[in-house]
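Within every chain, numbering begins at 1; the chains are lettered A, B, ... in the order of the sequence lines, protein sequences first and strands thereafter. Computation of the quantities below employed the complete heavy-atom set of this structure, encompassing side-chain atoms and omitting hydrogens, waters and symmetry-equivalent molecules.
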Number of protein chains: 2
Amino acid sequence: MQIMDKKSPIHITISERDDSVTITQWVYQTLRNAVMYGEILPGRALTIRELAGILDVSPMPVREALRQLAAENALEIQGNRRVMVPKMTAMKFSELCEARIAIESHAAARALPYIDRDQLSQLRVLDSLIDKAQEEKDLAQISTLNQNFHRALYTANPHQVTLPLIESLWLQLGPFMRLATSQLEEHYLVDRHNEAMTAIEKKDAFALQVAIAADIREGIAFAGTPEMLHAFIENAGT
Amino acid sequence: MQIMDKKSPIHITISERDDSVTITQWVYQTLRNAVMYGEILPGRALTIRELAGILDVSPMPVREALRQLAAENALEIQGNRRVMVPKMTAMKFSELCEARIAIESHAAARALPYIDRDQLSQLRVLDSLIDKAQEEKDLAQISTLNQNFHRALYTANPHQVTLPLIESLWLQLGPFMRLATSQLEEHYLVDRHNEAMTAIEKKDAFALQVAIAADIREGIAFAGTPEMLHAFIENAGT
DNA sequence: AATAATTGTTTGTGATCACAAAAGTAAGTT
DNA sequence: AACTTACTTTTGTGATCACAAACAATTATT
């Protein structure tokens, strides 16, 4: 018995629910993707009951998923106890990018000694897939594969402590990366992964750090001029 | 009606509950401190109902607090859906320390331009308090003040994104830092904060990074030789 | 008519209950 | 005596309910 949507309606991409995972986990993943793909606009208040209604589950799993996402800085709990996607500012965007560079280049260097033949070939596969996606100008695919490449690199280190932190940063940047890419038809990318691959093969930690830093910078550079970034942020904020 | 403790009993320091905060928040803080101070040994299974009984609250707030702490990597959810304080290994300890250095030196450099007179004087106060605590060899106080010093430094940057990540690392290292310090009567600390203070006054980012890195390294150096560290980790694990 | 007070509604929080999976325990078998 | 099997207990998950605080809308007051 749906009466009215008082606020802007929320559309969330809903995937099939596997019975092997708990409802909470499914809700968590669903909401995480929604945030990552910018399906929920920043500033929009999220209520437990509304989401429970949309996802057709009881309020309980939604409560837990929201709390977890808030703990990962994907969502923000205000003093009012209201939950929303945090608004972005140009400065915060910049801070997030610089944090990515600092942590990810560190993680890359730390992973380097652990990369063996298997992992190298896995990275090569991802690298070639990215090349292919780039020819086809499949932006969504590029984004996803790029993430997989970075993740595969960092997880080579079996004593992993940085990946959760990195994922948190991705999550915070996610909505705005997508927002930007979806609007851009044209954008050229220099493929820094080849550069990273050769650095890995040579076991050159410093060169790898440079390549990762460049990749991150250029990956977000397509968001373009500060003015364009500003425009997106302003639109997202209101 | 308490029957029996089948496992090793858990003692958690319980503080007064302020009515202005929610029960969940209070439980979260209480458990967080317990983890930070090493009151719960790694590997010990934590059950919702047991904690609820100890803290004299219903299971619900405990559930939420546990999930939040798990999201912050302070606790670990196993495949069994069992929750425990993660076990430490020498390699993981090393990774955590190196991650601290990478992120915190970055955060320090990023905060530097924002430090004005007020914040500088606040840092000076903390610095002198640390000196005092050091004379009195009050280890717990040194630890706390040291944290406050770092936090005050990083939060000078109003566009804060790294602090939650740093706190997560502190939380993971916490139990083992305390475990180590509590056993050591003698340990000398070179005060790197003075070094950091002069770097801040000179607005010398690189010198500040060096000082922060040195402070972190020496702050954990008292854990001593790899053998000693190993001993603590082994004991904690079993 | 503009502002303040009040009422009705929505929402997060916390408690309790039901249930299936997991863990622990005891009995039975080889 | 060692292992398997069956049973009991414990535990996490999810649903539902009660309540107080926050929000929205209406009415009353200046």
Side-chain angles (χ1 to χ4, degrees), chain A residues 1-10 14 17-31 40 43-71 74-86, chain B residues 1-10 14 16-32 40 43-71 74-86:
Chain A
M1 190 177 76
Q2 182 172 328
I3 310 290
M4 265 287 266
D5 295 301
K6 310 207 171 172
K7 292 282 183 177
S8 58
I10 298 178
I14 299 178
R17 184 167 80 222
D18 185 351
D19 281 0
S20 70
V21 302
T22 64
I23 296 181
T24 301
Q25 286 171 326
W26 177 79
V27 171
Y28 168 77
Q29 272 301 335
T30 303
L31 291 180
I40 306 171
R44 172 70 154 79
L46 297 179
T47 67
I48 294 174
R49 286 175 174 90
E50 181 185 18
L51 290 174
I54 293 173
L55 301 178
D56 193 34
V57 297
S58 91
M60 186 63 60
V62 177
R63 266 169 78 169
E64 306 228 334
L66 286 182
R67 186 166 289 274
Q68 186 168 347
L69 286 166
L75 298 176
E76 194 179 72
I77 306 181
Q78 297 175 303
N80 335 335
R81 295 172 181 174
R82 272 264 155 82
V83 174
M84 62 176 220
V85 177
Chain B
M1 189 176 80
Q2 182 174 325
I3 310 290
M4 264 286 267
D5 295 302
K6 311 208 172 173
K7 292 283 184 177
S8 58
I10 297 178
I14 299 177
E16 195 68 23
R17 184 167 80 222
D18 185 351
D19 281 1
S20 69
V21 301
T22 63
I23 297 181
T24 300
Q25 287 170 326
W26 176 78
V27 171
Y28 167 77
Q29 273 300 336
T30 303
L31 291 180
R32 189 182 203 276
I40 306 172
R44 171 71 153 82
L46 297 179
T47 67
I48 294 174
R49 286 176 173 88
E50 181 185 16
L51 291 174
I54 293 173
L55 301 177
D56 194 34
V57 297
S58 90
M60 185 64 57
V62 177
R63 265 169 79 168
E64 306 228 333
L66 286 182
R67 186 166 291 272
Q68 186 168 346
L69 286 166
L75 298 176
E76 193 178 72
I77 306 182
Q78 297 176 302
N80 337 334
R81 295 169 181 175
R82 272 261 155 85
V83 174
M84 60 176 223
V85 177

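For A:Thr22, counting side-chain heavy atoms from C-beta on, the closest listed nucleotide (D:dT13, D:dC23, D:dT11) is D:dT13.
A:Leu66 places a side-chain heavy atom less than 4.5 Å from the side chain of A:Leu51.
Separating the CD atom of B:Glu50 from the P atom of D:dT10 is a distance of 13 Å, rounded to the nearest angstrom. Rounded to whole Å, the distance from CG on A:Asn80 to C1' on C:dT11 is 12 Å. D:dT13 atom C1' lies 9 Å from atom CZ of B:Arg67, rounded to whole Å. Between B:Gln25 atom CD and C:dG12 atom C1' there is a gap of 11 Å when expressed in whole angstrom units. With rounding to whole Å, A:Glu64 atom CD is found 7 Å from D:dT13 atom P. Separating the CE atom of B:Met84 from the C1' atom of D:dG12 is a distance of 17 Å, rounded to the nearest angstrom. The CZ atom of A:Arg17 sits 15 Å away from the P atom of D:dT13 (whole-angstrom rounding). Rounded to an integer number of Å, the gap from CZ of B:Arg82 to C1' of C:dA21 is 11 Å.
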Practice problem: Verify side chain to side chain contact (heavy atoms under 4.5 Å, CB included) between A:Met60 and B:Arg63, making sure each step is shown before the conclusion. | Solution: CA-CA 11 Å; A:Met60 186 63 60; B:Arg63 265 169 79 168; 3.6 Å; yes
Practice problem: Quick one: do B:Leu69 and B:Arg32 satisfy side chain to side chain contact (heavy atoms under 4.5 Å, CB included)? Show the steps, please. | Solution: CA-CA 7 Å; B:Leu69 286 166; B:Arg32 189 182 203 276; 4.1 Å; yes
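Shown here are the side-chain hydrogen bond (donor to acceptor under 3.5 Å, both in side chains) partners of B:Asp18, two or more places apart in sequence or in another chain: B:Ser20. With sequence neighbours excluded, the residues satisfying side-chain hydrogen bond (donor to acceptor under 3.5 Å, both in side chains) with A:Thr22 are A:Gln25. Remark: A:Arg17 pairs with no residue by the side-chain hydrogen bond (donor to acceptor under 3.5 Å, both in side chains) rule, at least two apart or across chains.
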Pairs under 3.5 angstrom, nitrogen or oxygen only, protein versus nucleotides 15-19 of chain D, please.
{"from": "D:dA15", "atom 1": "OP2", "to": "A:Ser58", "atom 2": "N", "distance (Å)": "3.3"}
{"from": "D:dA15", "atom 1": "OP2", "to": "A:Ser58", "atom 2": "OG", "distance (Å)": "2.1"}
{"from": "D:dA15", "atom 1": "O5'", "to": "A:Ser58", "atom 2": "OG", "distance (Å)": "3.3"}

Between the protein and nucleotides 5-8 of chain C, list every N/O to N/O distance that falls short of 3.5 Å.
none

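Each of B:Arg81 and A:Arg81 was matched to the nucleotide of DNA chain D holding its nearest heavy atom; the match closer to the 5' end belongs to B:Arg81.
Here A:Ile77 lies out of heavy-atom contact (under 4.0 Å) with every strand. Using a 4.0 Å heavy-atom cutoff across all strands shown, B:Leu51 reaches no nucleic acid atom at all.
The shortest non-hydrogen separation linking A:Ala74 to A:Pro86 is O-CD, 3.3 Å. When all heavy atoms of B:Val27 and B:Val62 are compared, the closest pair comes out as CG1-CA, 4.1 Å.
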In residues 75-82 of chain B, what donor-acceptor pairs under 3.5 Å come from side-chain atoms, sequence neighbours left out?
none

